[in-house]
Amino acid sequence: MHPSEYEHLTPAQAIAYQHELRKQINICPLEKQITNIAGADISFNKYSDVVYAGIVVFSYPDLKVIGTSTAVGKTKFPYISGLLAFREVPALLEAWQNLKTKPDLLVLDGQGTAHERRTGIATHFGLIADVPTIGSAKSRLWGRFEEPIDQPFAQSPMFDKSELVGIALRSKRNCNPIYISPGHKVSMEQSVEIIKNCIRGYRIPEPTRQAHNLVNKIRVEAGDNNSQTNMFD
DNA sequence: GCGACAG
DNA sequence: ATCTTGTCGC
């Protein structure tokens with residue numbers, strides 16, 4: 001199924017599709033040397049169905065920006081916890097296709113396997129674009145865990161029953177942890193190691209942090225900021 | 001029935 | 001997610 005068709009799905013059909021995707025997930029060590037890495041994010045006005053997607057590519061591990069790409073699209077699929085991918089993946093895929101050179105790995109703002117059906121947006125995108133991905137979320141969706149101690153890089157496993165589905169990582173002191181989980185074609189351990197290498201003094205790792213800044217900027221430049229009305233109301 | 005609930 | 005002022009803590 002192509003992402004452009006997601007908007008026609010009912011929540012029940014979207015969940016059925018996640019069950020199909022789950023069968024194809026491949027969580028294993030990425031053997032290839034990582035030379036570049038990218039971060040992706042979406043920005044939108046809550047009173048509009050326009051979404052701004054953006055990807056920032058960096059060299060790795062020095063994290064110098066080596067490219068960006070953006071895409072603007074519309075979405076009819078509402079935000080439903082657990083079905084985020086159906087709302088954001090279409091525009092993200094467009095931005096991905098606009099990229100000249102694809103990175104070795106992509107970090108997305110949301111969960112990977114730390115999801116009820118292991119199909120968070122990072123896993124979902126990794127599968128449909130066939131690219132290694134990592135999910136880095138700002139809040140928890142699935143998985144039980146104990147608060148990691150308040151020390152940089154302290155971590156705590158997240159479990160679904162006895163299965164390890166993610167890692168709560170303290171990326172910065174006095175800040176809430178971030179929730180890391182592999183998306184596709186990368187291991188849990190590698191995911192955490194890579195994200196640690198992308199922390200630069202902020203709670204959010206550089207790939208996602210800068211992608212967020214980029215999409216927010218293009219949304220404001222497009223004039224799609226604030227206001228619940230427009231000039232013709 | 002009640003609480004939880006990525007962005 | 002987005003909007004938004006002040007405020008608490010390091």
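So you know, we letter chains A, B, ... as the sequences are listed, proteins then strands, and number each from 1.
Look at A:R219 and you'll find a side-chain N or O under 4.0 angstrom from OP1 or OP2 of C:dC3. Side-chain nitrogen and oxygen atoms of A:K46 include none within less than 4.0 Å of the OP1 or OP2 phosphate oxygen of C:dC3. For C:dA1, one of the phosphate oxygens OP1 or OP2 lies less than 4.0 angstrom from a side-chain nitrogen or oxygen of A:K138. At B:dC5, none of the side-chain N or O atoms of A:S139 fall inside 4.0 Å of OP1 or OP2 (strictly under the cut-off). Under 4.0 angstrom from either OP1 or OP2 of C:dT2 there lies at least one side-chain N or O belonging to A:H212. The phosphate of B:dA4 has neither OP1 nor OP2 within less than 4.0 Å of any side-chain N or O from A:S81. When the side-chain nitrogen and oxygen atoms of A:N225 are compared with OP1 and OP2 of C:dT2, none of them lie within a distance under 4.0 Å. Listed pair A:Y47 / C:dT2 fails the phosphate criterion, with no side-chain N or O lying under 4.0 Å from OP1 or OP2.
Residue A:G135 is classed as having no contact, given no heavy-atom separation below 4.0 Å to the nucleic acid. If you check every strand for non-hydrogen atoms under 4.0 Å, A:I178 touches nothing.
Applying side chain to side chain contact (heavy atoms under 4.5 Å, CB included) to A:T123 and the options A:I27, A:L108, A:I128, A:T113 leaves one that passes, A:T113. When each of A:D41, A:T68, A:L106 is checked for a side chain to side chain contact (heavy atoms under 4.5 Å, CB included) with A:I55, only A:L106 meets the rule.
Listed nucleotides B:dG7, C:dC3, C:dT2 differ in distance to A:Y79; the shortest reach to its side chain belongs to B:dG7. Closest to the side chain of A:R140, from the set B:dG7, B:dC5, C:dT2, is B:dC5. When the nucleotides C:dA1, B:dA6, C:dC10 are ranked by their closest atom to the side chain of A:N174, C:dC10 comes out on top. With C:dC3, B:dC5, C:dA1 as the candidates, the nucleotide lying closest to the side chain of A:F44 is C:dA1.
In this structure, the side chain of A:K102 engages the main chain of A:W96 through a donor-acceptor pair within 3.5 Å. Remark: the backbone N or O of A:R219 is not paired with any side-chain donor or acceptor of A:D224 at under 3.5 angstrom.
In this structure, CD1 of A:I42 is placed 17 Å from P of B:dA6, rounded to the nearest angstrom. Rounding to whole angstrom units, NZ of residue A:K217 and P of C:dA1 are separated by 19 Å. As rounded to whole Å, 14 Å separates atom P of B:dA4 from atom CG of A:L141. For the pair A:R118 CZ and B:dA6 P, the interatomic distance rounds to 17 Å; values are reported in whole Å. Rounded to an integer number of Å, the gap from CG of A:L83 to C1' of B:dA4 is 15 Å. In this structure, A:Y52 places its OH atom 12 Å from P of C:dT2, rounding to the nearest Å.
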**OP:** Using the salt bridge (Lys or Arg N to Asp or Glu O under 4.0 Å) rule, take A:E147 and A:R170 through it: C-alpha gap first, then chi angles, then the decisive distance, then the call.
**Re:** CA-CA 9 Å; A:E147 192 76 11; A:R170 185 82 62 186; 3.3 Å; yes
**OP:** Under the salt bridge (Lys or Arg N to Asp or Glu O under 4.0 Å) rule, what do A:D160 and A:R144 come out as? Steps first, then yes or no, please.
**Re:** CA-CA 6 Å; A:D160 179 347; A:R144 305 183 53 157; over 6 Å; no
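Nucleotides of DNA chain C nearest to A:S43 and A:R173 differ in position, and the one nearer the 5' end is that of A:S43.
Side-chain rings of A:F86 and A:H124 approach one another, their centers coming within less than 6.0 Å.
For the residue pair A:L63 and A:C198, the shortest heavy atom distance occurs at CD1-CA, 3.8 Å.
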**OP:** Would you sketch DNA chain B in dot-bracket for me? Only Watson-Crick or G-U wobble pairs with both distances under 3.5 Å count, crossing pairs as [ ], other-strand pairs as |, the rest as dots.
**Re:** .......
